[in-house]
Amino acid sequence: MSKHDKPNVTDWQALADKELRGRAVDELTGSTDSGLDIKPLYTADDLDGIDHLGGLPGFAPYVRGPRATMYAGRPWTIRQYAGFSTAEASNAFYRKALAGGQRGLSVAFDLATHRGYDSDHPRVVGDVGMAGVAIDSVEDMKILFDGIPLGEMSVSMTMNGAVIPVLASFIVAGEEQGVARADLSGTIQNDILKEFMVRNTYIYPPEPSMRIVADIIEYTSKHMPKFNSISISGYHMQEAGSTLVQELAYTLADGREYVRAALAKGLDVDAFAGRLSFFFCIGMDFFAEAAKLRAARLLWSRIMAEFEPKDPKSLMLRTHCQTSGVSLQEQDPYNNVVRTAFEAMSAALGGTQSLHTNSFDEAIALPTEFSARIARNTQLILQHETGVTNVVDPLAGSYYVESLTQQLADKAWELIEEVEAMGGMVAAVEAGLPKARIEQAAAARQARVDRGDKVIVGVNRFTNDGEDGEFDILEVDNSAVRKTQVERLNRMRANRDEAACNAALEKLSATARDGKTNLLETALEAARCRASVGEISSAMEDAWGRHDARTEIVSGVYGGKLAEDEAFTDVEAAIEKTSKELGRKPRVLVVKMGQDGHDRGAHVIASAFGDLGFDVTVGPLFRTPAEAAELAVEAGVDVVGISSHAAGHKTLAPMLLAELADRDAADKIVVCGGVIPAQDHPFLLDAGVAAIYGPGTNILASAADLAGRIRDQARGRNR
């Protein structure tokens with residue numbers, strides 16, 4: 001080849017083979033966690049057949065962004081997700097964040113509120129104020145936004161199960177602040193199908209839950225023109241272990257189902273389509289995450305075209321994004337600052353409309369003001385120092401990114417069509433298909449991490465054997481928060497017109513049964529009468545009942561990925577040895593207590609332990625300590641494994657130990673896993689917990705440790 005000739009792909013391959021010193025270029029070709037086919041070199045030939053090339057931002061199919069000028073005209077909204085303890089504490093936190101440059105509020109509610117329980121309910125003793133702010137009524141909502149003008153501030157609320165009473169309380173709080181409902185702006189998540197797949201903060205069965213979604217879309221489209229009626233969320237799918245393809249497909253399939261539900265109410269598609277929004281997770285697969293947002297806009301435009309809107313903006317997908325929580329690691333936690341920055345840049349390059357950046361300490365505890373400021377400043381630096389806002393869609397035309405965009409769209413469309421063939425997303429959810437697929441993906445990913453094929457810096461490679469450094473941890477006094485909330489509830493109930501409140505609640509129950517009247521409209525009457533969140537939820541529960549999900553664990557995925565791994569076979573042999581000494585398989589109960597529905601960790605552990613040779617029982621979600629202890633005794637287990645994600649461990653673990661002792665079962669080994677700060681370890685160990693396995697713990701190591709503990713205890717009994 002002459003030095004003046006233009007090199008071609010064959011020339012590159014020859015040069016690359018030489019540089020690889022005997023290895024073939026094909027060895028560099030592989031796939032990501034999401035099953036995307038990746039090559040080491042992309043050229044213009046890879047753009048052949050891609051139809052979306054040449055489009056412009058602000059025009060359908062909106063691949064390059066929903067607005068013509070994107071960040072060159074206005075940067076994305078910095079919207080930090082926050083809420084903890086009481087309404088007073090969260091209000092103070094919000095005010096400081098707004099003074100520090102945040103432009104919108106995103107409210108995190110505690111799990112008692114999510115599940116439609118008031119703070120005085122016996123099932124939520126360990127949940128009140130722990131993983132979000134406790135909101136029991138309009139009175140709490142008024143305090144939450146005290147001094148924050150709701151007519152000027154956009155408020156996003158992550159709420160699904162108790163969406164009716166929470167949105168009603170928000171609207172009434174606005175009224176009493178002097179803000180008409182038509183002037184309220186923001187977003188309510190209102191995405192119940194995702195809850196049945198992954199996050200599990202549902203209350204009612206799927207069919208009436210879909211009616212709630214449609215009624216909120218109907219009400220807001222008529223009365224709240226500035227308010228987004230739904231935020232269709234893929235975030236929790238990826239957090240539960242989904243691939244990017246699954247997150248993309250199932251989120252858009254959910255959206256299609258919600259559109260159909262709204263149309264069934266007799267609404268015109270253009271009356272509500274512009275107020276639909278989406279919510280995606282942004283993980284560490286940098287270019288694929290940016291391409292995912294571009295593919296999402298492409299596919300949503302295709303889906304919405306089916307409904308023949310007249311307004312081209314009805315084809316537009318607008319999205320909020322949040323950096324990944326599951327990518328954060330307890331080990332070497334300052335690495336999380338870097339992870340979040342990369343994820344934030346990826347979201348910006350993908351064209352998000354608003355963004356939350358996680359704090360570096362969230363794999364350990366609730367974020368402090370210090371860590372939240374770093375997270376917020378990450379976005380400010382992106383907007384003001386990097387130049388990323390100067391150009392609309394800077395990745396457009398990239399051989400690699402455009403190919404990824406098309407590949408994600410094609411693979412996701414296959415899953416969307418599979419859901420359609422089943423009769424839609426409600427049918428697919430009821431059949432358990434998306435949940436099973438996501439759990440399989442989570443187990444497979446964990447196997448790759450444990451084997452070391454997937455590198456996590458500071459966890460399974462480049463580990464820091466020294467101190468990680470000390471930093472403050474935010475700790476909420478659960479009992480003090482609960483006491484404050486119960487006192488406020490009692491005052492409210494003492495001062496309200498009880499007859500009017502009961503009449504409003506009875507009317508709401510009748511509305512739930514009649515299937516015709518708008519539920520939010522009726523719930524507003526109850527909220528104005530100072531019915532609580534729990535009472536409004538209970539009124540609808542009287543009509544529909546409370547949903548109980550089936551617990552099914554995948555098998556063979558984790559073990560199949562590690563079948564030839566020496567460490568796996570060694571642990572398998574150790575468990576077999578334990579089985580011979582016991583005369584049966586060692587028995588483990590994996591249980592989640594309180595109202596925490598995040599069950600990814602619990603299911604991955606259960607699946608992996610089952611593949612290794614344990615006899616695993618998985619308790620139903622939302623158990624009280626007494627129910628968990630009873631199940632442990634009935635199942636005759638050797639070990640009770642508590643999965644904690646929502647900071648309730650200091651309350652719930654001692655209660656479980658006491659309940660076991662009351663049943664003459666104090667000899668059962670109790671261990672904890674999940675998000676538990678190191679500073680809480682001595683408390684739990686002193687209370688009687690045998691071991692604590694934090695985020696990033698190698699499953700094989702924890703399984704071997706447990707097998708040894710079970711053998712030691714059995715030998716002690718036999719002496």
Side-chain angles (χ1 to χ4, degrees), residues 83-87 89-90 108-137 140 161-162 165 200-203 365-366 474-493 532-535 537-538 541 546 548 589 591-599 602 619-632 640-663 665 670 672-677 680 683-684 686-689:
F84 58 91
S85 185
T86 61
S90 291
F109 298 93
D110 73 356
L111 290 164
T113 306
H114 273 289
R115 294 270 293 149
Y117 292 115
D118 287 331
S119 296
D120 59 357
H121 197 285
R123 298 196 72 88
V124 300
V125 172
D127 297 300
V128 177
M130 296 305 289
V133 60
I135 297 294
D136 290 320
S137 70
D140 288 330
N200 299 309
T201 55
Y202 44 71
I203 300 176
L366 294 169
L474 177 63
E475 185 168 5
V476 174
D477 186 341
N478 166 239
S479 59
V481 175
R482 191 166 188 267
K483 181 174 182 291
T484 298
Q485 291 301 119
V486 172
E487 288 173 352
R488 186 176 295 142
L489 272 169
N490 289 338
R491 284 197 303 272
M492 183 190 73
R493 288 169 178 154
S532 68
V533 168
E535 289 166 339
S537 295
S538 182
E541 187 178 342
R546 187 170 277 263
D548 285 318
L589 168 66
V591 66
K592 293 191 71 70
M593 295 183 292
Q595 300 306 305
D596 176 18
H598 293 88
D599 58 0
L621 287 170
F622 314 124
R623 296 304 89 186
T624 65
E627 290 166 344
E630 193 64 34
L631 181 56
V640 181
I642 303 170
S643 174
S644 175
H645 186 81
H649 48 270
K650 289 180 71 174
T651 301
L652 298 172
M655 292 174 69
L656 173 65
L657 288 158
E659 293 286 352
L660 288 171
D662 287 347
R663 291 163 174 77
V670 175
C672 289
V675 180
I676 300 175
D680 291 351
F683 173 87
L684 293 174
D686 289 344
V689 171

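Computed over heavy atoms, backbone and side chain alike; hydrogens, waters and symmetry mates excluded.
When the salt bridge (charged side-chain N to carboxylate O under 4.0 Å, His left out) test is applied to R123, the partners found at least two apart in sequence or on another chain are E627. Contacts of N200 classified as side chain to side chain donor-acceptor pair (under 3.5 Å), with partners at least two apart in sequence or in another chain: D599. Here P677 pairs with I364, A365, I473, H649, Q679, D680 under the side-chain contact (heavy atoms from CB on, under 4.5 Å) rule; sequence neighbours left out. Residues satisfying the side chain to side chain donor-acceptor pair (under 3.5 Å) criterion with D477, sequence neighbours excluded, are S479. Qualifying salt bridge (charged side-chain N to carboxylate O under 4.0 Å, His left out) partners for D136, counting only residues two or more places apart in sequence or in other chains: none. Residues satisfying the side-chain contact (heavy atoms from CB on, under 4.5 Å) criterion with D662, sequence neighbours excluded, are E659. By the side-chain contact (heavy atoms from CB on, under 4.5 Å) test, A89 pairs with F84, S85, T86, sequence neighbours left out. For T484, there are no side chain to side chain donor-acceptor pair (under 3.5 Å) partners at least two apart in sequence or on another chain. Partners of R493 according to the salt bridge (charged side-chain N to carboxylate O under 4.0 Å, His left out) rule, which considers only residues two or more places apart in sequence or in another chain, are D118, D120, E535. Partners of Y117 according to the ring-ring contact (aromatic ring centres under 6.0 Å, His included) rule, which considers only residues two or more places apart in sequence or in another chain, are H121. Take I203 and apply the side-chain contact (heavy atoms from CB on, under 4.5 Å) test, not counting sequence neighbours, and it matches A162, S537, R546.
Between V591 and A628 the shortest heavy-atom distance is CG2-CB, 3.9 Å. The shortest heavy-atom contact between D127 and D596 is OD1-N, 4.4 Å. Among all heavy-atom pairs drawn from A632 and V640, the shortest one is CB-CG2, 3.7 Å. Taking all atoms of both residues into account, the shortest heavy-atom contact from A108 to A131 is CB-O, 4.5 Å. Of all heavy-atom pairs spanning L589 and G619, the tightest one is CD1-N, 3.8 Å. Annotation for F683 and P654: closest pair CE2-CG, 3.9 Å, computed over non-hydrogen atoms.
No side-chain donor from either of Q595 and D110 sits under 3.5 Å from a side-chain acceptor of the other.
How far CD1 of I642 is from CG of L684: 8.0 Å, rounded to the nearest 0.5 Å. Note that the NZ atom of K650 and the OG atom of S644 stand 12.0 Å from one another [nearest 0.5 Å]. We find the OH-CZ distance between Y202 and R115 to be 6.5 Å, quoted to the nearest 0.5 Å.
Taking the side chain as every heavy atom from C-beta outward, L656 and M593 approach each other to under 4.5 Å.
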### Query
Can you check side chain to side chain contact (heavy atoms under 4.5 Å, CB included) on L111 and M130, steps first, answer last?
CA-CA 8 Å; L111 290 164; M130 296 305 289; over 6 Å; no

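The backbone N or O of L489 lies less than 3.5 Å from no partner atom in the side chain of R491, so there is not a single donor-acceptor pair. Looking only at distances, no side-chain donor or acceptor of S119 sits under 3.5 Å from a matching main-chain atom of V128. Between the side chain of K592 and the backbone N or O of G597 there is no donor-acceptor pair closer than 3.5 Å.
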